[in-house]
Every structure is written in C-alpha cells, then in structure tokens.
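Structure record follows, encoded as structure tokens.
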Amino acid sequence: MAERECGPEQGREHEHVRVAVIGSGFGGLGAAVRLRREGITDFVVLERAGAVGGTWRDNSYPGCACDVPSHLYSFSFAPNPNWPRTFSGQEHIREYLEHVADTFRLRSHIRLNTEVEVVRWDADRLWWEIGTSSGTLTADVVVSATGPLSDPKTPDIPGIDTFPGKVFHSARWDHDYDLSGKRVAMIGTGASAIQIVPEIQKKAGRLTLFQRTPPWVMPRADRAITGVERWLHRQLPFTTQARRGILWGIRELQVQAFTKRPNELGMVEQLAKRNMYRAIKDPALRAKLTPTYRIGCKRILLSNTYYPALAKPNVDVVASGLAEVRGNTVVAADGTEAEVDAIVFGTGFHVTDMPIAERVVGDEGLTLMETWKDGMNALRGATAAGFPNWMTIIGPNTGLGNSSMILMIESQLNYMADYLRQLDVLGGRAALAPRPAAVSAWNRRVQERMKRTVWNTGGCTSWYLDANGVNTTVWPGTTTEFRAATRHVDLNEYEVLRAPKEIPPSRKERESDGAKVEAGA
C-alpha cells in the first residue's frame, strides 16, 4: 500500500508495505507463496537481477545440475510430476521456479532489477527503511532470502589482474567465450568444478585442474524419468508424494552417521574409492585424488563422469592450490607451472560472510556484519539479536549435508508465518526483538551438538567453517527436528517493542529539514 507521509515534504508519496522479501530464489519465492496463502498481499519481492531463480538463474555453467533428487528438491505445496530426470539440470529447475512464480500469481509483487543497497531500522516508527537501486520504501518486516550461494568468492591471487587471457567464476559463466582448443585452468574441486570438468575436457586443448583438497565422489544414480512414470504422477498425485516421502525417509535415516556416529561412514568411503578405482588406473593419479579426511566432513559430491574425465590425456591434475599468475603462466603453491589461455574459478561463495549483512543496520546502529564479527548466529536460524522484525531464510546453521534444503526452507516459512500471526495478535505498531540470551542459548545448544558431527571431527577444512573455525553453516540434526523447533514462535524468546504515541520525524525528514536550513542560510 502507499501511504501519505506527513512532514516537511507535504504530499510526497511514501511506499510502505507490511513485508519486504529480498531475493527471488527458492527462499524468496517460497516466502511469497506462503504470504499469499496466509492472506497477506501487502508485500514486495526485491530482486537485483532481471529474472527470478536465484542461484539457479546465476549458475548456468556447462553441466550444472542438482545433487538432490528432483522430487525432493521442490516445494511440497508445488509438486512437479513432469521432472525429466531423477537429478534435474539447471535449466529444468529454473523453469520450475518460473512456473511457481506464475502459478501462485507472484509477478505483480516482484520488483526486478532492484538491488537492495541499505536496510536501516527506525526504532521510533518500528519499521525498516529500505534503500534500493530503484528508490526507497519502508516495511514492517523484512525477510532476507538472498541465500548463501548468491555472491561468488574469488581468491585474491597475485598477478591475476595482469593475466592477458579470459577469467571468470563458475557462477558468472561467459557463454560468449569459446573454450574449444584453449588451454584452460580450472581452480577448485567443489560441487561446481566436478560438473564443469567433464564438459570442458571434451573441448579444451588442455585442461589443468588445480586441487587443494581432493573431494569424496560417489556414483550419481541419475536416469531419465520415463513417460509412464510422469503419466502416473500426473494421474495419481499421491504417487508423487509417496516418491518424495521415500526419498526424504532414506535421508533422515542417514543423518545419525553424520551427526553422532561418523566412524560408521567407513563403508561409504570404500564405495567412493571403488568409484574412483573403476576410472583411475594410474597409481600416482589415484594418490592425488584420494582424500585423507573422513567422508562427509566436506560435501560429498556425486558424479559418474568426473573421474573418467581426469583420466583423459588432455587433463593434468595439480595437487596444489593456485598461488600466483605470471603473464600467461599459472603457478601452484608447490611450484608447478602451466601456460593457459583461460582461468575458471570454481571457488565457491561468501557463505559465512554473506554480503547482505554489510547492508543491514540494526537498532544500535551496527550492521549485521559487525554484530556477527565473531561468527553468524541466529535464533532458530531465523532472527538476530539487535534486528527487530528481521528474518533470514537459510540463516546460520540451517544448511544440510545430505538432504534437500527445500525442507529447511519450508520449516523457516512456518516460523515466518507464525511470527506474522504473533504480530497480528499483539496489534498496533509492534515489533519482536530477539532476546540476546535466547539467541545465545540456541547457539550454544547447536554448537554443543556440533561437536560430535563429522563436519567438526572429520579432519578437514570446509566452507562450512567460518574464519574462526566454527561451523556456522550446517544443522546438526534431522529435518524433522528442525521442523519441530520452528513450528511456532515462542514469545518468551522475544521482547515486544511498541511505538511511542508521539512519533518524532523520521531520519529522512530530519535530513531534509537540515538540507533546507542549510540552503536557507
């Protein structure tokens, strides 16, 4: 809705909404759908790009696909009976998200090409002032759904600025640059890299893979879903639900090994080694590719084509990270050199230092990044002390090591819906501020449970850990446990804030008054 704001600029339109959602990936679109299902239509979705889709819009590199089965990697309220493969590719997931935006009539709420530049809490009016590339607005509640895989992370390599060839990150793939016959350096061996390598190996003249730490790679049980299966799912929707339920149940049973009994993962390691040995016959290359940490400590990767690609004669594996660039020569930390025409970074994202946190200013004038200087933490993975009426989808310690993030997103949407219901019950202009003691207590419980997990005991350094070595990324339990923990908002964990009867001028009004006085002087 648009409100008339009284003050020094009489008659100026001021847009105010009940809820502003940042981002239009799975989290943002899911939040929008849930708001509409709760009867809330006074909201906007602010998207910096020109289309919806989040990470599945940005990551369009060759071979990009999901490592979670399709029927589990979709909303429970928007089942898709027409998935073409058991593990869907990027184009099909993006198409699914576009379909969700259309089916649930979200387009009118979405503001494309609108980047959020600053979000500032107004403690007098109990709302958020939001500055964007397309203008300003205010909102009672802000839901941040930017996601942890939205901002690429590229290491600061000496000499990279003087490299005469092509350089790009996997999440910003340059489709206009032809790699055919080129000498290519692939930096990193994470989830993106193992999908990219088999594709560019086919066309590159020479591919040099720089590997700091070898990943554990399991076979990928991918296949085309038959027409009969798709017909059955369309005609009998409960079969889609049953398929999803089986996939979910299998993964719930696996959680214990990751969180409580990592030593039971030895058999899985043997399966992964067998997967490697089938394709890699060279003992020296096998030694380079064999991890020395417990499987599961870093993300387990799925591929049937990665190891065969590494065994091809036009591929070199350097068991060391990239340290320097000298002209066309890339130099590894162990001194290995290679001349290349292009450098592709598959080096991940800003996960434990999300850039959006630099743009959010809370009730004490500190940014979320400053508040989280010692590590991210949020009450039930959603709300942060010092930031009233602010909520994060896929917040701290909500990630998963073996199942679908959509399950966690839907749990947080339950929490969001109850949060808004509680504000309705309170009535008037009110806000909920997480009590610091409640946030600390929640985080202590999470970190105590984390001590036994494979992510903390497996002997690796992963992107799950922040700069202090603390796991602020993964949830140390089942999705069922998280669903129970986020089913309702406990008001005992929050302080209820009320707006004063006499509302002073807003920051913008004060700045405007000051400018007028200065101009008059």
Side-chain angles (χ1 to χ4, degrees), residues 26-27 30-31 33-34 37-38 66-80 86 145 147-148 237-262 264-265 268 296-297 299-300 377-383 391-419 421-422 438-439 441-457 464 471-490 492-493:
F26 267 101
V33 172
R34 189 58 184 268
R37 297 180 80 180
E38 292 290 319
C66 189
D67 58 6
V68 175
S70 303
H71 287 89
L72 194 58
Y73 199 78
S74 47
F75 291 120
S76 63
F77 52 78
N80 179 14
T86 52
F238 76 87
T239 61
T240 305
Q241 297 169 0
R243 186 172 191 159
R244 177 187 177 90
I246 291 170
L247 292 168
W248 165 78
I250 291 171
R251 280 154 182 77
E252 288 290 273
L253 293 174
Q254 295 171 346
V255 171
Q256 294 281 350
F258 287 85
T259 60
K260 294 181 179 180
R261 296 189 290 272
E264 294 182 357
L265 292 166
V268 183
C297 183
R299 184 174 174 181
I300 300 174
N377 61 84
L379 179 58
R380 302 181 188 274
T383 57
M391 184 168 293
T392 302
I393 305 297
I394 314 184
N397 290 115
T398 60
L400 294 175
N402 75 311
S403 191
S404 172
M405 277 307 302
I406 313 306
L407 302 170
M408 302 296 278
I409 289 172
E410 290 196 26
S411 292
Q412 291 198 293
L413 297 183
N414 289 340
Y415 197 73
M416 178 195 74
D418 197 51
Y419 191 102
R421 291 188 208 112
Q422 297 294 342
V439 178
W442 171 262
N443 193 54
R444 280 196 305 273
R445 291 197 297 271
V446 169
Q447 293 304 325
E448 185 62 31
R449 294 184 62 179
M450 197 71 71
K451 290 179 180 178
R452 297 173 57 186
T453 68
V454 69
W455 308 300
N456 279 34
T457 65
Y464 298 149
N471 192 327
T472 59
T473 305
V474 184
W475 168 245
T478 65
T479 62
T480 303
E481 290 174 297
F482 190 76
R483 180 64 59 96
T486 54
R487 192 172 300 280
H488 299 293
V489 170
D490 181 357
N492 292 321
E493 296 179 330

Legend entry - Listed partners of F482 passing ring-ring contact (aromatic ring centres under 6.0 Å, His included), at least two apart: W475
Legend entry - Y415: partners by ring-ring contact (aromatic ring centres under 6.0 Å, His included), with sequence neighbours left out: none
Inset, instruction - Sequence neighbours left out, what pairs pass salt bridge (charged side-chain N to carboxylate O under 4.0 Å, His left out) with at least one residue falling in residues 394-406? - result: none
Inset, instruction - Any pair with a residue in residues 471-483 that passes salt bridge (charged side-chain N to carboxylate O under 4.0 Å, His left out), sequence neighbours left out, goes on the list, sorted by first then second residue, please. - result: R449-E481
Contacts of type side-chain contact (heavy atoms from CB on, under 4.5 Å), residue [X], not counting sequence neighbours:
{"X": "Q241", "value": "F238"}
{"X": "T239", "value": "L232, H233, L236"}
{"X": "V33", "value": "R37, F77, V100, F104, L106"}
{"X": "P69", "value": "F87, L247, R251"}

Inset, instruction - Check the angle between the aromatic planes of F258 and W455 and answer parallel, tilted or perpendicular using the 30° and 60° thresholds. - result: parallel
Determine whether [X] and [Y] make a side-chain contact, defined as any pair of heavy atoms from C-beta on separated by less than 4.5 Å.
{"X": "T479", "Y": "S411", "value": "no"}
{"X": "N471", "Y": "N397", "value": "yes"}
{"X": "D67", "Y": "R299", "value": "yes"}

Minimum heavy-atom distance between [X] and [Y], given as atom pair plus value:
{"X": "A145", "Y": "G27", "answer": "CB-C, 3.6 Å"}
{"X": "T473", "Y": "Y464", "answer": "OG1-O, 2.9 Å"}
{"X": "Q412", "Y": "T392", "answer": "NE2-O, 3.4 Å"}
{"X": "A485", "Y": "W442", "answer": "CB-CH2, 3.9 Å"}
{"X": "G381", "Y": "T398", "answer": "CA-CG2, 3.8 Å"}
{"X": "P476", "Y": "V446", "answer": "CG-O, 3.7 Å"}

To the nearest 0.5 Å, how far apart are [atom1] in [X] and [atom2] in [Y]?
{"X": "I394", "Y": "F26", "atom1": "CD1", "atom2": "CZ", "result": "9.5 Å"}
{"X": "I250", "Y": "L72", "atom1": "CD1", "atom2": "CG", "result": "10.0 Å"}
{"X": "T478", "Y": "N402", "atom1": "OG1", "atom2": "CG", "result": "10.0 Å"}
{"X": "L407", "Y": "F75", "atom1": "CG", "atom2": "CZ", "result": "11.0 Å"}
{"X": "M391", "Y": "L379", "atom1": "CE", "atom2": "CG", "result": "9.0 Å"}
{"X": "S403", "Y": "M408", "atom1": "OG", "atom2": "CE", "result": "9.0 Å"}

Using salt bridge (Lys or Arg N to Asp or Glu O under 4.0 Å) as the criterion, list what pairs up with [X], not counting sequence neighbours.
{"X": "R261", "result": "E264"}
{"X": "R243", "result": "E229"}
{"X": "E38", "result": "R34, R421"}

Inset, instruction - Output yes when D490 and R380 qualify as a salt bridge under the 4.0 Å nitrogen-oxygen rule, no when they do not. - result: no
Inset, instruction - Please name the residue in the list K451, R444, R452, R445 that meets the salt bridge (Lys or Arg N to Asp or Glu O under 4.0 Å) test with E448. - result: K451
Legend entry - Main-chain N/O of T480 paired to E252 side chain as donor or acceptor, under 3.5 Å: yes
Inset, instruction - Just jot down the side chain to side chain donor-acceptor pair (under 3.5 Å) partners of S76, sequence neighbours excluded, or say none. - result: E410
Legend entry - Partner of P262 under side chain to side chain contact (heavy atoms under 4.5 Å, CB included), chosen from T453, V454, N456: V454
Legend entry - Worked verdict on L413 versus I393 for side-chain contact (heavy atoms from CB on, under 4.5 Å): CA-CA 8 Å; L413 297 183; I393 305 297; 4.0 Å; yes
Legend entry - Audit row: S70, N80, side-chain contact (heavy atoms from CB on, under 4.5 Å) steps and yes/no: CA-CA 9 Å; S70 303; N80 179 14; over 6 Å; no
